[in-house]
Number of protein chains: 2
Amino acid sequence: MADTALRLNAAVTVDLVVLTVRDDRLSVLVVRRGGAPFRGRWALPGGFVGEHEDLAEAAARELQEEAGIGAIQAHLEQLATYGSPRRDPRGRVVSTAYLALLPGLPEPCAGTDASDARWAYADDIIDEPAYLAFDHHRIVTDGVERARSKLEYSPLATAFCHDEFTVAELRRVYEGVWGVTLDPRNFHRKVTGTPGFIVPTEQTTTRDGGRPAQLYRRGEATLLHPAMLRP
Amino acid sequence: MADTALRLNAAVTVDLVVLTVRDDRLSVLVVRRGGAPFRGRWALPGGFVGEHEDLAEAAARELQEEAGIGAIQAHLEQLATYGSPRRDPRGRVVSTAYLALLPGLPEPCAGTDASDARWAYADDIIDEPAYLAFDHHRIVTDGVERARSKLEYSPLATAFCHDEFTVAELRRVYEGVWGVTLDPRNFHRKVTGTPGFIVPTEQTTTRDGGRPAQLYRRGEATLLHPAMLRP
DNA sequence: GGAATAGTGTCTCTAAGACATTATTCT
DNA sequence: AGAATAATGTCTTAGAGACACTATTCC
């Protein structure tokens, strides 16, 4: 009813920090901007929120449109909102960033309407603050930090793995995201000893060479007890 | 320049989850709404973001205006953003919630322009989903959960204490926020053994009766190692 | 002295880190 | 056989929880 009282004071958008582990390194999806401002520069995928859309819906739609990734395959969670009055030269743009985590894909990247898209190593982006447009460097930094710390106390590392995975693959996720090396034997004991983290399937694989490895799926746990502590 | 391209599609507001520990219980500040919609109902303090304001600035201003609390005394951090298209009957309102943590105040509550304000026990609010207007029940739930989990791995519990505090006072913060009782002796050993958490002053106090207690201030640590684990 | 609270010490058990050993595949 | 990887086992040590005991105030 009282539409009169409401004054629209901002343009609301969503931006996506899409993370995966490629070549054993944490990587971020970046797209080349097709329009002003910052035309031709690299930036995070994102766009305006539709009139009848929830923020999370808009994020899932952008993930599909700009990266060709169905939301079912990806873990998607809200990261933070950036609303400095000068963050976009066009005017007051308030952007809610979402964090998306995906398994490493066989195809190089995306087949979609984004004029150009590629994976960049997260550390390279973080080390080069002027590489991305707008305040996207800060958003990536926040997203990477969120992912790194959530690996400790949540089973989120499995979001970087395919449906079935080996303990070694899960370990390489931790190593790639944290940028460390972990003792395979202690890691195996810890991860299989944490209730609800991963559950064995009936199958094994030799895709890594050597002795066949047990395949696992994600478990039901939402919090890890005990946690996987960063060295 | 290109103001033309920008279409304002939402009203952006901030809402505050102001938490403190009163009577050894976690409490939330709620205000009575003076205007439509939900006039007369209880809600979180908050308001529209000014044209040239950052989101955090708007949150600090609202904290001062609606609760009479200077941002210097309070810990203030962004919680999450709520933007369901139907969350406000007036139209598209996207609200970024901030979490504010304060020491228990001597004065009952606030002396300010909010027509009416009071402290409610967090558990009572959480147990009564229809008590607050809009989607504020969800916001409080998220804020309380954030506070509870951050006590584990950050020194945030000191934000609920005054400048100088005893170990027992800090313990009662943990007990009140988590709703548990902790062994005073193990708590003392843990908290004094965690580097950078709290630093002793030269003074003692007998305000709790019994043997004088050492007074402490917050330390420099930003992350607790080892963490204070919830039972 | 007795009540109240502060602070230290001791014991046990879980879990983390370092590292050896065995198991099962492939070439 | 030898290389590669998977999985289990052992030892040491840090830290959590349970709980006894000592210390310092007020009445």
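In what follows, chains carry the letters A, B, and so on, assigned in the order in which the sequence lines appear, proteins first and then strands, with residues in each chain numbered from 1.
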Name the closest nucleotide to the A:Pro226 side chain, picking from D:dT24, C:dA15, D:dA16.
C:dA15
For DNA chain D, what residues of residues 170-189 of chain B have any heavy atom nearer than 4.0 Å?
B:Asp183, B:Arg185, B:Asn186, B:Arg189
D:dA16, C:dA16, C:dT24: which one has an atom nearest the side-chain heavy atoms of A:Arg211?
C:dT24
Let me see the working for A:Tyr131 and A:Asp124 under side chain to side chain donor-acceptor pair (under 3.5 Å), right down to the final yes or no.
CA-CA 9 Å; A:Tyr131 189 78; A:Asp124 292 348; over 6 Å; no
Rounded to whole Å, how long is the line connecting atom NZ of B:Lys190 with atom P of D:dC19?
16 Å
Could you check how far CZ of B:Arg230 sits from C1' of D:dA16, rounded to whole Å?
17 Å
Taking A:Asp15 first and then A:Arg138, would you say they form a salt bridge - that is, a charged N and a carboxylate O separated by under 4.0 Å?
no
In terms of heavy-atom contacts, A:Ile139 and A:Leu79 come closest through O-CD2, 3.7 Å
Is there side-chain contact between A:Thr96 and A:Gln78, with heavy atoms separated by less than 4.5 Å?
yes
May I ask you to test the A:Leu132-A:Arg41 pair for a side-chain heavy-atom distance under 4.5 Å?
no
Nearest-nucleotide wise, let me know which of B:Pro231 and B:Gly209 is further upstream toward the 5' end of DNA chain D.
B:Pro231
Within this structure, what is the NE2-to-C1' distance between B:His225 and D:dA16, rounded to whole angstrom?
17 Å
From CD of B:Glu169 over to C1' of C:dA6, roughly how many Å is that when rounded to an integer?
13 Å
Whichever of B:Gln214 and B:Gly210 has the more 5' nearest nucleotide on DNA chain C, that residue is B:Gly210
Report the distance from atom CZ of A:Phe165 to atom C1' of D:dT5, rounded to the nearest whole Å.
18 Å
Taking the side chain as everything from C-beta on, heavy atoms only, tell me whether B:Leu151 gets closer than 4.5 Å to B:Leu156.
yes
